[in-house]
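Owing to the predicted nature of the structure, the values given are computational and were not obtained by experimental measurement.
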2 protein chains.
Amino acid sequence: MRISTRSYYGLRALVHLAKERRICPTSKIAKEENLPYDYLQKIFQRLKKAGLIKSVKGVEGGYLLSRPAKRISAGQIFEILEGRMASAPCLGFGQLSCSRARGCSSRDLWQKLETTINQALGSITLADLAANKKV
Amino acid sequence: MRISTRSYYGLRALVHLAKERRICPTSKIAKEENLPYDYLQKIFQRLKKAGLIKSVKGVEGGYLLSRPAKRISAGQIFEILEGRMASAPCLGFGQLSCSRARGCSSRDLWQKLETTINQALGSITLADLAANKKV
DNA sequence: CATAAATAGGACTATATTAATCCGATTTAC
DNA sequence: GTAAATCGGATTAATATAGTCCTATTTATG
Ligand code: SF4
Ligand code: SF4
């Protein structure tokens, strides 16, 4: 179970954006966080599509959070960037039901893992991270 | 963050093995759990290499747990099959240190995620799963 | 109005990992 | 001797990641 650089980069960039507290272009973030510019663009497009950030085109444009950092959880960020959370085939998306689900001894474990991760990440906000608050 | 079928298959197979409580060939498990035989072989070889199971060659041979199911945690299984746990580049393996580690606002999050997962999976034993104990 | 800075998005590539499959060798109970 | 099993190496196909590149569009500012 590995976490992609997309998540690492994305989180760092969002924390940066939260610290800025105003509109900020990807070029600035890429430079200051030492991240590949083109790739970061893609990440921000993805975050925008998911509604987490807003964009302004043109000179002096850039991105900004679409709601206060206090109302953005790490779990939301993670879900957007990482795609699917930990979850067994039988859980989560699109009712991929498994014929073995009844009485399956493994299912509970994957369920618990998913719940645990969601709780852990759901309780941390972007504001917490930006403030370097101990989580 | 996706979990591989290797983990799903492996856990199911190990629970099966724990329920059997005696030597059991992969052919039987593959058949009864409806898993691809050749792939399951590889999974068992990996588990053996890691010392989690023992093998007996030849007719009437197969695999068995190398210690009581009560002393095997889901975390141990997961670590063997999934390879690396959730962890930031700056954490975990081989001191891949990051020049940004000092004062990094993201680091705590990844650390917490890793700790949380380890705690959750470390507290569940294969015996629990085999007994269908609610986790 | 021209320009430069920015987002938007499609296409492409390279690499790595997963999820197998296949083959041949070895061991061993019967 | 044979069949059932592990062992291990090689190979493959599909998928995801981690980018890169190019073009279009928008817009503040001189
Ligand atoms: S075998 Fe069990 S854990 Fe796996 S998909 Fe089916 S119900 Fe879920
Ligand atoms: S940027 Fe922060 S979280 Fe990422 S590797 Fe460096 S110290 Fe760790």
Enquirer: So if I take residues 19-26 of chain B and measure heavy-atom distances to DNA chain D, which residues fall below 4.0 Å?
Expert: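 By residue number: B/P25, B/T26.
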Enquirer: Taking only heavy atoms on the protein side, list every residue of residues 37-50 of chain B lying under 4.0 Å from any atom of DNA chain D, sorted numerically.
Expert: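 Close to the strand are B/Y37, B/Q41, B/K42, B/Q45, B/K48.
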Enquirer: For the pair A/W110 and B/Y8, name the ring-plane relationship: parallel under 30°, tilted 30 to 60°, perpendicular over 60°.
Expert: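 Perpendicular.
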Enquirer: According to the interplanar angle, ranging from 0 to 90°, do the rings of A/Y9 and A/Y39 count as parallel (below 30°), tilted (30 to 60°) or perpendicular (above 60°)?
Expert: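 Judged by the thresholds at 30° and 60°, the geometry between A/Y9 and A/Y39 is perpendicular.
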Enquirer: Please name the pair of heavy atoms, one in A/M1 and one in B/I117, separated by the smallest distance, quoted to 0.1 Å.
Expert: CE-CD1, 3.4 Å
Enquirer: Ignoring the backbone of B/Y9, work out which of C/dA20, C/dA19, D/dT6 is nearest its side chain.
Expert: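 For B/Y9, the side-chain atoms sit closest to C/dA20.
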Enquirer: Is it true that a side-chain atom of B/T26 and a backbone atom of B/Q41 form a donor plus acceptor pair closer than 3.5 Å?
Expert: no
Enquirer: Is it the case that atom CZ in B/R21 sees more than 12 heavy atoms from other parts of the structure closer than 6.0 Å?
Expert: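 Counting neighbours around CZ of B/R21, 12 or fewer heavy atoms of other residues, nucleotides or ligands fall under 6.0 Å, so no.
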Enquirer: Heavy-atom count around A/K133 NZ within 6.0 Å, excluding the residue itself: above 12?
Expert: no
Enquirer: Roughly how many Å is it from CG in A/L64 to P in C/dT7, rounded to a whole number?
Expert: 11 Å
Enquirer: Rounded to the nearest Å, what distance is computed from the CZ atom of residue A/R2 to the C1' atom of nucleotide C/dA16?
Expert: 7 Å
Enquirer: Between the protein and nucleotides 24-29 of chain C, which nitrogen or oxygen pairs come in under 3.5 angstrom?
Expert:
residue, atom, partner, partner atom, Å
C/dT27, O2, B/G58, N, 3.4

Enquirer: Would B/T125 and B/D128 count as having a side-chain donor-acceptor pair, cut-off 3.5 Å?
Expert: yes
Enquirer: How many whole angstroms separate atom CG of A/N34 from atom P of D/dA18?
Expert: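 Going from A/N34 (CG) to D/dA18 (P), I get 16 Å.
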Enquirer: Does OP1 or OP2 of C/dA19 have a side-chain N or O of B/R6 closer than 4.0 Å?
Expert: no
Enquirer: Has the side chain of B/E82 got a donor or acceptor atom that lies under 3.5 Å from a matching backbone atom of B/I3?
Expert: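 A pair under 3.5 Å: no.
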Enquirer: Round to a whole Å and report the spacing from CD of B/E82 to C1' of C/dT17.
Expert: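 Spelled out: CD on B/E82 to C1' on C/dT17 is 11 Å.
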Enquirer: So does A/L52 get a backbone contact from the side chain of A/S66, meaning a donor-acceptor N/O pair under 3.5 Å?
Expert: yes
Enquirer: Want to settle it: does A/S7 or B/S55 sit nearer the 5' end of DNA chain D, counting the closest nucleotide to each?
Expert: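 The answer here is B/S55.
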Enquirer: When you measure from the side chain of A/E33 to the backbone N and O of A/A13, does any donor-acceptor pair fall under 3.5 Å?
Expert: no
Enquirer: Could you give the CD1-to-P distance, from B/I29 to D/dT6, as a whole number of Å?
Expert: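 Spelled out: CD1 on B/I29 to P on D/dT6 is 9 Å.
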Enquirer: Round to the nearest Å and state the distance from A/L35 atom CG to D/dT17 atom P.
Expert: 18 Å
Enquirer: Would you say the side-chain atoms of B/R46 pair up with the backbone N or O of B/I80, donor to acceptor, closer than 3.5 Å?
Expert: yes
Enquirer: Tell me the interatomic distance from A/K31, atom NZ, to C/dA6, atom C1', rounded to whole angstroms.
Expert: 15 Å
Enquirer: Around atom NZ of A/K28, are there more than 12 heavy atoms from other residues, nucleotides or ligands closer than 6.0 Å?
Expert: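 Atom NZ in A/K28 is packed in, count exceeds 12.
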Enquirer: Output yes when at least one side-chain N/O atom of B/T5 is less than 4.0 Å from OP1 or OP2 of C/dT18, else no.
Expert: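 No, B/T5 has no side-chain N/O under 4.0 Å of OP1/OP2 on C/dT18.
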Enquirer: Considering only side-chain heavy atoms of A/S4, which listed nucleotide, D/dC7, D/dA18, C/dA19, is closest?
Expert: D/dA18
